[in-house]
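One structure is given below, encoded as structure tokens.
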There are 2 protein chains.
Amino acid sequence: MTTASRTARERVRAELIKEITDIARRHLSTEGAAGLSLRAVAREMGMVSSAIYRYFPTKDDLLTALIIDAYNAIGDAVEQADAGCARDDFTGRWLAMARSIRQWALAHPHEYALIHGTPVPGYQAPADTVDPASRDGVMFGRLIADAHAAGAITLPQDTRAPVGFHDDAEALREAIFVGVPDEVILRGLHAWTWMYGAVSFELFGMYNNVISERAATFEHGALSLAHYIGLT
Amino acid sequence: MTTASRTARERVRAELIKEITDIARRHLSTEGAAGLSLRAVAREMGMVSSAIYRYFPTKDDLLTALIIDAYNAIGDAVEQADAGCARDDFTGRWLAMARSIRQWALAHPHEYALIHGTPVPGYQAPADTVDPASRDGVMFGRLIADAHAAGAITLPQDTRAPVGFHDDAEALREAIFVGVPDEVILRGLHAWTWMYGAVSFELFGMYNNVISERAATFEHGALSLAHYIGLT
DNA sequence: AAAAAACGAGAGCACTGCTCTTGACGACAT
DNA sequence: ATGTCGTCAAGAGCAGTGCTCTCGTTTTTT
């Protein structure tokens, strides 16, 4: 199996796969996930509809590819945002991460919806999506761990994480929230939840006729929730 | 126009409409919104597919009916939860509301997804959806207003609502958050956002392999965010 | 009793995801 | 250089969808 000869065919195959996903992503960004049609993609490529099944045996497979790409795009955005901050500016890093996710979502609403919208019934996320899917969360967890290690988090005293959460916290401390107490982890998850909730609310129209100053109120929420977590 | 004579036809029409929406809701709860098919509903009713268009001229109209029903179901749940609390137990009322929404969502996941999931591209929510859609939020706003009027909210000092939000706050104070300062309104909206974010995260699988004690952590979040709002 | 409106049935259009078969082309070892 | 084998595009076809139009029939209105 000479690599060069095999590459001949595999190269055009890889190119076609890329072209398909690119066209599909473009269709996605105009028609939404439901309006994505394999036949339409094939048509635009000058292919007959059946030919496309050589590359994506089912529509779900195409969607999976787009989903993985979207997760990675978010992961990239978050990592880049985090990298642009001073390591010990923990609140700044959190704000930068939150901002980057909101910005990406506003720029790619349909791809965001693909990830954080209604799960397609019957669609089971394949195993190769879970790593890309957790990149942003891992970054956030590391930030909390960094802040806690630096003594930049004062443990909130007005609530206590439920005992049932302790096992979950143990697992999370394993690799992500290293050394972080239960209550702080849980508050971190709540803040994380708020952030995606806010982005989804804004994108899905729940703030229509309620909030017009979207960016500023998002910023306010992120900052006030930083205090909620205990970030000083 | 004798009411009795006109009712003859209109009564069976109303019954058919109810039967259609009931069947549609059942299909929705098993196949999800995407899998809802007018033809399948008609088939189950022993109707020919074209006949159903006499009652719902388009699939979107059927979905709209289901959406309104879902909004009203949430509104009912929240109102009932609130009514079961002592008027001056503000934190308890908030917890009851949050719980009721989570419970309803867990019991009707697909209907919930219809409302808080990906908006269908091209679907424009008709005017008669906005009133049912805002029932839960209005209840929440009234609660905050009640609590503030009773002096049960201590204005948080670590952040200040952005000036751009002031106009929004003014409008919200008009009928819902009567007398509530900007910062408290905004924190209320953030808490509200967290709550729906948490329900969506739980329902859409984002807490898989992260949080197993769902009810307890939700409770913790609701309580800690009550403090975040300033509820004493 | 006559006119108007509402209705169910059926055929049909354009579209979808997906399958199967057929014939051509390219890569491979002999 | 030849024959074999896997890959590929193409086409026809199936079952399903939303939706439209027409045509008798029934019910309501006038």
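If you're wondering where the values come from, they're calculated on a predicted model, not measured in any experiment. Each chain gets a letter, A, B and so on, in the order its sequence line appears, and its residues count up from 1.
Note on B:Leu62: nothing from the nucleic acid sits closer than 4.0 angstrom, heavy atoms only. A:Phe56 comes within 4.0 angstrom of nothing in the nucleic acid, heavy atoms only. Nucleic acid contact for A:Leu16: sugar-phosphate only, since backbone atoms but no base atoms lie under 4.0 Å from a heavy atom of the residue.
Electrostatic pairing of A:Glu170 and A:Arg173 counts as a salt bridge here, judged by a charged N lying under 4.0 Å from a carboxylate O. Ion pairing of B:Arg26 with B:Asp22 is absent here, as no side-chain N (NZ or NE/NH1/NH2) approaches a carboxylate O to less than 4.0 Å. The residues A:Arg135 and A:Asp76 are annotated as salt-bridged, a charged nitrogen and a carboxylate oxygen being separated by less than 4.0 angstrom.
Rounding to whole angstrom units, OH of residue A:Tyr55 and P of D:dC8 are separated by 5 Å. Going from atom CE of B:Met45 over to atom P of C:dG8 covers 9 Å, rounded to whole Å. In this structure, B:Tyr53 atom OH and D:dC21 atom P are separated by 13 Å, rounded to whole Å. Atom CD of B:Glu31 and atom C1' of D:dG16 are 13 Å apart (whole Å). Nucleotide D:dG6 holds its P atom 15 Å from the CZ atom of A:Arg13, rounded to whole Å. The CD1-C1' distance, from B:Ile20 to C:dC7, rounds to 12 Å in whole Å. The distance from atom CD1 of A:Ile52 to atom C1' of D:dA9 is 12 Å, rounded to the nearest whole Å. Counting to the nearest Å, the C1' atom of D:dT26 and the CZ atom of B:Arg9 are 6 Å from each other.
The ring of B:Phe218 has its center closer than 6.0 angstrom to the ring center of B:Trp194. Aromatic pair B:Phe204/A:His116: ring centres not closer than 6.0 Å.
Dashed line: the shortest gap from a side-chain N or O of A:Thr58 to OP1 or OP2 of C:dG17 is not under 4.0 Å. In this structure, B:Arg11 does not reach the D:dT27 phosphate: none of its side-chain N or O atoms is under 4.0 Å from OP1 or OP2.
Taking 4.5 Å as the limit, every side-chain heavy atom of A:Phe56 sits out of range of all side-chain heavy atoms of A:Val41.
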Are any protein N/O atoms closer than 3.5 Å to N/O atoms in nucleotides 9-11 of chain C? If there are, list each pair with its distance.
residue, atom, partner, partner atom, Å
C:dA9, OP2, B:Val48, N, 3.3
C:dA9, N7, B:Ser50, OG, 3.3
C:dG10, N7, B:Ser50, OG, 3.3
C:dG10, O6, B:Ser50, OG, 2.7

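Atoms CG and OH, from A:Leu38 and A:Tyr55 in turn, are 14.0 Å apart once rounded to the nearest 0.5 Å.
Residues A:Ala40 and A:Pro57 each lie close to DNA chain C; by heavy-atom proximity, the contact nearer the 5' end of the strand is made by A:Ala40.
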